[in-house]
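Notes for the one structure printed next.
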Amino acid sequence: MTTTAESVRPAGSARTPKLRADASRNRERIVLAARDAFVEHGADAPLDEIAKRAGVGNATLYRNFPDRVALIHEVAVLVKNRVLALAETATAEADAPDGDGPFNALQRFVHASVGEKVGGLCTLFSTHVDPYDPELTEIRERLQAAVGGLMERARAAGELRPDVENGDLFIAMSQLTRPLPNTACRLHDEFVHRHLQIFLDGLHAPARSALPGRAATFEDFQPQN
């Protein structure tokens, strides 16, 4: 009888011991492998394939994540925390007296965030993650504050056009970093930074044209009751 990761369920424990260093590394490898697999194959990516990518056994995967829902949640936590760390680093660079300006710090944040594959995970997070989860809500609020503050610094310095808001940035980042259907990921990776830079050049002040419609804000992304 062939056993796959979908059917393995190791016996649970009444207590959850603190992870050893090697166990912690295994857990992170699983989550990163899951992130990439979900981008390529969607929410139904085979869990045994994720374990194989991470270089761990099926039982190790299920010791850390009892089901697919728990794994997707942890991918969301990891990705959002890593993007938050990038935003906080960019803010520190923008505030540094010997820095090269807040707009350049904003640009570095946008390009670095591509590595977390936020565009490819947008649909997964919107359909398989609880938008009211307290842990993710806290991360989201901190991220919004960091990115909003970074954009305000760039605007106050006269480097960011005045008619764009934080939501415009996140929508463009999501759209421009999302792999196109039926195209090779390699092709997408080759051009994504080029297209992001075209967008970022359009954010730079002074503006060359008036934008149609209204600016998108973080409030547009809040869960609807």
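In what follows, residues are counted from 1 in the order of the sequence shown. For the numbers below, each heavy atom of this structure counts, side chains included, while hydrogens, waters and symmetry mates do not.
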Side chain to side chain, [X] and [Y], heavy atoms closer than 4.5 Å:
| X | Y | value |
| --- | --- | --- |
| Leu203 | Leu169 | yes |
| Leu143 | Lys80 | no |
| Asp36 | Lys117 | yes |
| Arg68 | Leu47 | yes |
| Val31 | Phe65 | yes |
| Leu160 | Glu152 | no |
| Phe109 | Val83 | yes |
| Val75 | Ile72 | no |

Residue from Val56, Asn58, Leu71 passing side-chain contact (heavy atoms from CB on, under 4.5 Å) with Ile50
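Single side-chain contact (heavy atoms from CB on, under 4.5 Å) partner of Ile50 among Val56, Asn58, Leu71: Leu71.
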Could you tell me which non-hydrogen atom of [X] sits nearest to which non-hydrogen atom of [Y], and how far apart they are?
| X | Y | answer |
| --- | --- | --- |
| Arg35 | Gly115 | NH1-O, 3.5 Å |
| Ala94 | Leu150 | CB-CD1, 3.8 Å |
| Glu135 | Asp133 | N-OD2, 3.1 Å |
| Ala146 | Leu84 | CB-CD1, 4.5 Å |
| Ser209 | Arg161 | O-NH2, 2.7 Å |
| Thr123 | Ser126 | O-OG, 2.9 Å |

Distance, nearest 0.5 Å, that separates [atom1] of [X] from [atom2] of [Y]:
| X | Y | atom1 | atom2 | result |
| --- | --- | --- | --- | --- |
| His73 | Phe125 | NE2 | CZ | 10.5 Å |
| Ile30 | Arg63 | CD1 | CZ | 8.5 Å |
| His193 | Thr177 | NE2 | OG1 | 10.0 Å |
| Gln175 | Phe170 | CD | CZ | 13.5 Å |
| Arg29 | Ser24 | CZ | OG | 10.0 Å |
| Ile198 | Phe191 | CD1 | CZ | 11.0 Å |

Going by the salt bridge (charged side-chain N to carboxylate O under 4.0 Å, His left out) test, which pairs reach into residues 81-99, not counting sequence neighbours?
Glu28-Arg82, Arg82-Glu116, Glu88-Arg142, Glu93-Arg108, Asp95-Arg153
Any sub-3.5 Å donor-acceptor pair from [X]'s side-chain atoms to [Y]'s backbone N or O?
| X | Y | value |
| --- | --- | --- |
| Asn166 | Gly148 | no |
| Asp168 | Val164 | no |
| Ser174 | Ile171 | no |
| Asn64 | Thr60 | yes |

Hydrophobic cluster membership, Val39 vs Val69, 4.5 Å side-chain cutoff
no
Taking 4.0 angstrom as the limit, do Arg53 and Glu40 come out as a salt bridge?
yes
Working for salt bridge (charged side-chain N to carboxylate O under 4.0 Å, His left out), residues Glu165 and Arg214
CA-CA 9 Å; Glu165 291 292 345; Arg214 67 175 181 87; over 6 Å; no
Test side chain to side chain donor-acceptor pair (under 3.5 Å) on His111 and Gln197 and set out the steps.
CA-CA 8 Å; His111 283 290; Gln197 192 58 49; 2.8 Å; yes
